[in-house]
2 protein chains.
Amino acid sequence: MYFCVNKYLMTRSEENYIKTIFHLGRKGTQEVATNAIAELMETKPSSVTDMIKRLSEKDLVNYKRYQGVSLTALGNKTALGIIRKHRLWEVFLVEKLDFSWDEVHEVAEQLEHIKSDKLIDSLDRLLAFPKFDPHGDPIPDKNGGFKERDRELLSEVAINTGGVCVGVKDSSATFLKFLDKNGIALGNQIKVMEIEEFDGSLNIEIDGRKMQISHVIASNLYIKAKDEI
Amino acid sequence: MYFCVNKYLMTRSEENYIKTIFHLGRKGTQEVATNAIAELMETKPSSVTDMIKRLSEKDLVNYKRYQGVSLTALGNKTALGIIRKHRLWEVFLVEKLDFSWDEVHEVAEQLEHIKSDKLIDSLDRLLAFPKFDPHGDPIPDKNGGFKERDRELLSEVAINTGGVCVGVKDSSATFLKFLDKNGIALGNQIKVMEIEEFDGSLNIEIDGRKMQISHVIASNLYIKAKDEI
DNA sequence: ACAAATTTTTAGATTTGCCTAAAATTTAAT
DNA sequence: ATTAAATTTTAGGCAAATCTAAAAATTTGT
Ligand SMILES: [Mn+2]
Ligand SMILES: [Mn+2]
Ligand SMILES: [Mn+2]
Ligand SMILES: [Mn+2]
């Protein structure tokens with residue numbers, strides 16, 4: 001089958017481009033700009049154009065000069081396969097090898113390119129088929145299906161409401177370490193008590209403990225909506 | 001330190017060459033022929049010469065035109081690091097992901113190039129610091145040290161002697177599957193009962209069960225010598 | 001609408017890793 | 001000791017993936 005042929009012939013670089021286009025294009029449906037890809041991948045726009053042409057040859061992306069790029073159905077499936085591997089490896093590193101959530105991404109960037117269906121399916125089983133990675137992001141199943149969890153940014157909820165912290169928007173090591181230092185983790189119960197007029201900072205109650213966080217922090221924390229508390 | 005700088009800048013291809021030179025040169029001490037490398041790596045001698053020059057620039061091998069190649073101390077340490085990773089991953093695949101011993105090599109060939117000290121040390125701990133891989137080959141420790149087990153080929157032992165099967169010389173999938181089919185595994189107690197004059201085939205007793213194996217088979221099975229039984 | 005700014009693509013070069021074909025060197029044979 | 005055979009290296013080329021600089025297309029601002 002075409003998908004299988006392609007899947008095992010892709011280079012690491014091609015896979016990274018496909019993944020980036022997926023992330024920038026909200027599941028690959030939207031058109032993505034050359035410059036946006038270049039910026040995120042820390043490469044030059046001319047390099048991106050080169051690669052886009054190659055990916056287009058392989059029917060992984062739709063491309064018309066100057067009109068941006070989007071994933072084909074094949075490209076989308078490929079992206080989901082890589083993301084599945086990335087997130088499963090992140091779970092493995094945290095659950096089995098005692099990595100902290102700010103250490104896993106770099107290694108997962110390497111591990112996501114290992115090619116073996118049996119490996120990834122066995123890993124999935126070893127981890128008891130996790131649905132979310134250490135940052136709260138959903139893990140696609142074998143067929144690329146996954147349910148985006150119903151969540152909203154803490155910065156968007158009304159006073160006196162809250163919910164369980166289920167994810168981070170920014171998953172950079174610096175932000176994650178900041179959260180660790182301040183005792184904020186996934187699973188914590190968070191309630192917004194007050195919002196400062198002046199700078200938008202929030203007084204919250206997190207697992208019973210009161211603290212103040214900036215608007216920037218709040219706009220990078222996802223909570224599972226649970227209406228009035 | 002020079003070693004560390006180098007270690008993380010090596011390409012996959014460079015690592016594969018270093019590993020091959022190690023295997024062909026008995027711990028890298030002996031000189032290895034260009035053609036031997038080319039044959040084992042299924043590449044052309046001219047490509048090998050190219051790469052040898054690059055490795056020589058990086059002080060990983062000693063090289064004089066037409067005189068063969070050998071590993072430097074740095075090259076040797078690098079090779080041991082890669083072999084450590086390869087064998088630890090093989091153990092992981094068998095112990096944690098229920099791979100059989102004939103399925104692990106191909107995937108380990110990919111996994112051995114993942115760069116993360118923390119990853120490999122954690123994996124070592126998860127597996128309880130194994131000393132041998134699924135094929136009975138020794139796993140170098142963090143510092144590259146490992147003890148070659150005292151063993152001999154089954155084809156070399158005298159009649160009425162034997163020992164525990166501790167390794168295979170040929171670890172190709174076909175040989176390993178053959179052993180599976182015939183119920184021969186590491187840990188089995190093997191005793192040589194009789195050797196046929198005609199074709200050198202052996203009548204053995206393996207864990208109490210009698211069977212006959214060809215000379216070729218016997219010359220690919222290692223047993224731990226335990227003298228007279 | 002048209003010039004200016006921005007984005008995107010092309011052209012040409014570089015590095016890695018591989019190839020084929022031909023030349024150089026070493027080894028083996030008579 | 002020559003010649004023949006095998007091994008190894010050089011020379012020249014190619015594809016992937018990147019870069020810089022310049023040209024082309026699109027978007028924006030007045
Ligand atoms: Mn990640
Ligand atoms: Mn993640
Ligand atoms: Mn192996
Ligand atoms: Mn092995």
Side-chain angles (χ1 to χ4, degrees), chain A residues 5-21 24-25 30-71 75 78-79 82 109-110 112-113 115, chain B residues 5-21 24-25 30-71 75 78-79 82 109-110 112-113 115:
Chain A
V5 170
N6 224 306
K7 189 175 172 189
Y8 282 93
L9 292 183
M10 286 187 70
T11 68
R12 173 162 314 220
S13 191
E14 285 171 337
E15 289 189 347
N16 283 332
Y17 274 94
I18 289 295
K19 200 179 43 153
T20 301
I21 294 167
L24 286 172
Q30 249 176 270
E31 310 269 280
V32 176
T34 304
N35 272 6
I37 299 170
E39 196 183 354
L40 198 60
M41 298 189 69
E42 293 180 302
T43 183
K44 302 293 167 183
S46 55
S47 306
V48 175
T49 302
D50 269 8
M51 179 58 87
I52 284 173
K53 285 180 189 163
R54 274 194 292 273
L55 295 175
S56 181
E57 284 297 308
K58 297 189 179 188
D59 267 313
L60 291 158
V61 301
N62 306 116
Y63 172 60
K64 260 179 280 176
R65 282 160 70 247
Y66 292 102
Q67 300 313 128
V69 69
S70 65
L71 294 180
T78 304
I82 301 163
E109 285 289 306
Q110 298 180 60
E112 72 188 2
H113 302 291
K115 271 132 187 128
Chain B
V5 169
N6 224 305
K7 190 176 173 188
Y8 282 95
L9 292 183
M10 285 187 71
T11 67
R12 172 162 314 220
S13 191
E14 286 171 337
E15 289 189 347
N16 283 332
Y17 273 94
I18 289 296
K19 201 179 44 152
T20 301
I21 295 167
L24 286 172
Q30 249 177 271
E31 311 269 281
V32 176
T34 304
N35 272 6
I37 299 170
E39 196 183 355
L40 199 60
M41 297 190 71
E42 294 180 302
T43 182
K44 302 295 167 182
S46 54
S47 306
V48 175
T49 303
D50 269 7
M51 179 58 88
I52 284 173
K53 284 180 188 165
R54 275 195 291 274
L55 296 175
S56 180
E57 284 296 308
K58 297 189 178 187
D59 267 314
L60 290 159
V61 301
N62 307 115
Y63 173 59
K64 261 179 282 177
R65 282 161 70 245
Y66 293 101
Q67 300 311 128
V69 68
S70 65
L71 294 181
T78 305
I82 301 163
E109 284 290 307
Q110 298 180 60
E112 72 188 2
H113 301 290
K115 271 130 186 129

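Proteins come first, then strands; the chains are lettered A, B, ... in the order of their sequence lines, and each starts at number 1.
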Could you pull out all residues at least two apart from A:Asn62 that satisfy side-chain contact (heavy atoms from CB on, under 4.5 Å)?
A:Ser70, A:Thr72
What is the minimum heavy-atom distance between B:Ile37 and B:Val32, and which atoms define it?
CG1-CG1, 3.6 Å
Could you tell me how far apart B:Ile52 (CD1) and D:dT9 (P) are, to the nearest whole angstrom?
6 Å
Considering non-hydrogen atoms only, spot the tightest contact between B:Thr34 and B:Pro45 and give its length.
CG2-O, 3.6 Å
Using a cut-off of under 3.5 Å, enumerate the N/O to N/O pairs linking the protein to nucleotides 12-16 of chain C.
none

CD of B:Glu31 versus P of D:dT7: gap in Å, rounded?
17 Å
Under a 3.5 Å distance rule, please check whether B:Thr43 uses its side chain to pair with a backbone N or O of B:Glu39 as donor and acceptor.
no
Ignoring backbone atoms, establish whether A:Tyr17 has a side-chain N or O less than 4.0 Å from OP1 or OP2 of D:dA16.
no
Give every donor-acceptor pair under 3.5 Å between a side-chain atom in residues 12-20 of chain A and any protein atom, sequence neighbours left out.
| residue | atom | partner | partner atom | Å |
| --- | --- | --- | --- | --- |
| A:Glu14 | OE1 | A:Thr11 | N | 2.9 |
| A:Glu14 | OE1 | A:Lys58 | NZ | 3.2 |
| A:Glu14 | OE2 | A:Lys58 | NZ | 2.8 |
| A:Glu15 | OE1 | A:His113 | ND1 | 2.6 |
| A:Glu15 | OE2 | A:Lys115 | NZ | 3.0 |
| A:Asn16 | OD1 | A:His113 | NE2 | 3.1 |
| A:Asn16 | ND2 | A:Arg12 | O | 3.4 |
| A:Lys19 | NZ | A:Glu109 | OE1 | 3.0 |
| A:Lys19 | NZ | A:Glu109 | OE2 | 3.0 |
| A:Lys19 | NZ | A:Glu112 | OE1 | 3.3 |
| A:Lys19 | NZ | A:Glu112 | OE2 | 2.6 |
| A:Thr20 | OG1 | A:Asn16 | O | 2.9 |

Any chance you could measure A:Leu60, atom CG, to A:Thr78, atom OG1, to the nearest 0.5 Å?
5.5 Å
Contacting residues from residues 40-49 of chain B, given that a heavy atom lies under 4.0 angstrom of DNA chain C
B:Thr43, B:Lys44, B:Ser46, B:Ser47
Output yes when at least one side-chain N/O atom of A:Asn35 is less than 4.0 Å from OP1 or OP2 of C:dT6, else no.
no
Output the distance between atom CD1 (B:Ile21) and atom CD (B:Glu31), rounded to the nearest 0.5 Å.
11.0 Å
Filtered N/O pairs between nucleotides 27-29 of chain C and protein, under 3.5 Å:
none

Could you state the CZ-P distance from B:Arg65 to C:dT26, rounded to the nearest angstrom?
8 Å
Can you check whether A:Lys53 has a side-chain N or O nearer than 4.0 Å to OP1 or OP2 of C:dT9?
no
Quickly work out the A:Arg12 CZ to D:dA15 P distance and round it to whole Å.
23 Å
Could you tell me the separation between the CG atom of B:Asn35 and the OG1 atom of B:Thr49, rounded to the nearest 0.5 Å?
8.5 Å
What's the CD1-P distance between B:Ile37 and C:dG17, to the nearest Å?
15 Å
Separation of D:dA17 atom P from A:His113 atom NE2, nearest Å, is 12 Å
From CD of B:Glu15 across to C1' of C:dG17 the rounded distance in Å is 15 Å
Sorted by chain and number, sequence neighbours left out, side-chain contact (heavy atoms from CB on, under 4.5 Å) with B:Ala33 holds for B:Ala36
Return the value, rounded to whole Å, for the distance between atom CG of A:Leu55 and atom P of C:dT9.
13 Å
